[in-house]
Number of protein chains: 2
Amino acid sequence: MSTKRIAGPEIEKLIQLLAKVPGLGPRSARRAALHMIKKKDQLMGPLAAALAEAVDKVTECSVCGNVDTVDPCSICTDPRRDDTTLIVVEDVSDLWALERAGAMNAKYHVLGGTLSPLDGIGPDDLNIKKLVDRIAEGGVSELILAVNATVEGQTTAHYITDQLSGFEVKVTRLAHGVPVGGELDYLDEGTLSAALRSRTNF
Amino acid sequence: MSTKRIAGPEIEKLIQLLAKVPGLGPRSARRAALHMIKKKDQLMGPLAAALAEAVDKVTECSVCGNVDTVDPCSICTDPRRDDTTLIVVEDVSDLWALERAGAMNAKYHVLGGTLSPLDGIGPDDLNIKKLVDRIAEGGVSELILAVNATVEGQTTAHYITDQLSGFEVKVTRLAHGVPVGGELDYLDEGTLSAALRSRTNF
């Protein structure tokens with residue numbers, strides 16, 4: 001951006017910060033800033049307040065690694081949830097996706113990433129120790145590894161399985177197959193092979 | 001989004017507000033919220049403060065319609081700018097674009113939109129009366145109509161020219177032609193015809 005003062009350092013600073021938000025670049029940050037300036041009362045003010053409130057209140061759950069305004073989080077303390085099943089996810093966004101699907105009423109454990117030696121991310125950088133502790137405490141009968149179907153995700157899944165080999169816990173993973181609504185023509189061979197191998201009775 | 005409480009009403013509200021920012025949808029708003037929660041000190045806190053400051057300070061310039069933290073804006077009061085040339089733009093974003101180009105050191109007049117009978121936008125809804133007053137005050141020798149090359153933009157340009165027919169002011173418009181770096185093959189016929197008609201000596 002030009003060093004010429006266009007509209008005051010406050011607006012420039014706002015644009016620079018907005019440009020760091022994922023999904024916005026320098027150009028859309030300017031557009032977003034202008035839109036919000038025009039909608040001060042409906043959007044800009046409430047968003048400033050919501051962000052300030054989130055800065056104050058949002059914290060990481062010390063049990064599962066979820067983000068919430070209470071610690072332990074509202075999922076960990078929910079008495080209606082099944083304590084015996086634990087779903088392991090890479091990130092909070094995966095937890096949110098599974099909650100939106102609403103298929104399970106279990107509890108979670110957020111790893112905070114995947115093992116990635118190339119990026120220097122080892123077991124100690126992830127929330128794995130606490131997972132082993134939770135299993136060691138007992139009470140969990142099934143651990144669902146809902147990690148991404150990537151090399152890093154699968155490596156992490158294998159590592160976790162190794163760590164838990166001494167415990168009496170059933171470890172499962174998400175099924176591979178044709179996405180609901182998906183067209184076979186657009187699917188990769190790996191997915192199709194997996195869907196064939198895991199075929200079910202009609 | 002599911003009505004199930006995932007991560008507290010504060011985070012849900014933040015996501016809903018972020019989804020209203022142009023450039024972000026419901027999915028990217030969730031991603032943005034999560035990213036900011038992880039970068040509280042570097043991004044979320046400063047952004048909350050910048051937004052709150054902008055809500056407090058940013059105002060519309062009563063002379064030209066620009067947005068700034070002072071009124072009249074810093075462009076209107078800049079003594080190094082040429083007072084005799086006025087660039088008419090539809091929106092503040094156009095003003096910013098021209099300032100980034102840095103080609104002129106003139107002053108501006110922001111219309112706040114274009115005439116659009118279908119959308120019920122007439123001359124009184126735009127900042128046109130104030131433009132005529134500025135011209136009537138004298139001192140402006142050239143008015144550059146930097147409106148978009150759309151039907152609405154050109155209609156607005158014609159209307160403004162009519163309103164100013166009684167004044168001694170030269171009215172000009174932006175040149176049509178091949179964008180710098182543009183390939184002829186990808187240009188529409190209208191632009192190519194205009195570029196041919198307005199050809200210059202090499």
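We name chains A, B, ... by the order of the sequence lines, and we start the count at 1 in each one.
Of the listed residues B/T59, B/V92, B/L34, the one with more heavy-atom pairs under 4.5 angstrom with chain A than any other is B/L34. Heavy-atom pairs under 4.5 Å with chain A peak, among B/P22, B/G25, B/G23, B/A50, at B/P22.
Looking at A/R81 and A/E99, a side-chain N of the basic residue comes within less than 4.0 Å of a carboxylate O on the acidic one, giving a salt bridge. Ionic pairing of A/D56 and B/K40 is not present here: no N-O contact between side-chain nitrogen and carboxylate oxygen is shorter than 4.0 angstrom.
There is no contact between A/D78 and chain B, counting heavy-atom distances below 4.5 Å. With a threshold of 4.5 angstrom between heavy atoms, A/K39 does not approach chain B through any atom at all. Looking at B/L14, both its backbone and its side chain come within 4.5 Å of chain A, counting heavy atoms on both sides. Using a 4.5 Å cut-off between heavy atoms, A/L47 contacts chain B through both its backbone and its side chain. Only the side chain of B/M36 has a heavy atom closer than 4.5 Å to any heavy atom of chain A.
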message = For a salt bridge (Lys or Arg N to Asp or Glu O under 4.0 Å) check, start with the C-alpha distance between A/D82 and A/K107, then their side-chain angles and the critical distance, and finish with the verdict.
response = CA-CA 7 Å; A/D82 175 13; A/K107 299 202 171 179; over 6 Å; no
ask   = Which is it for B/S74 and B/D68 under the side-chain hydrogen bond (donor to acceptor under 3.5 Å, both in side chains) test, yes or no, and what are the steps along the way?
value = CA-CA 7 Å; B/S74 50; B/D68 202 344; 2.8 Å; yes
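Of the candidates A/T172, A/T161, A/T156, A/T161 is the only one forming a side chain to side chain contact (heavy atoms under 4.5 Å, CB included) with A/L145.
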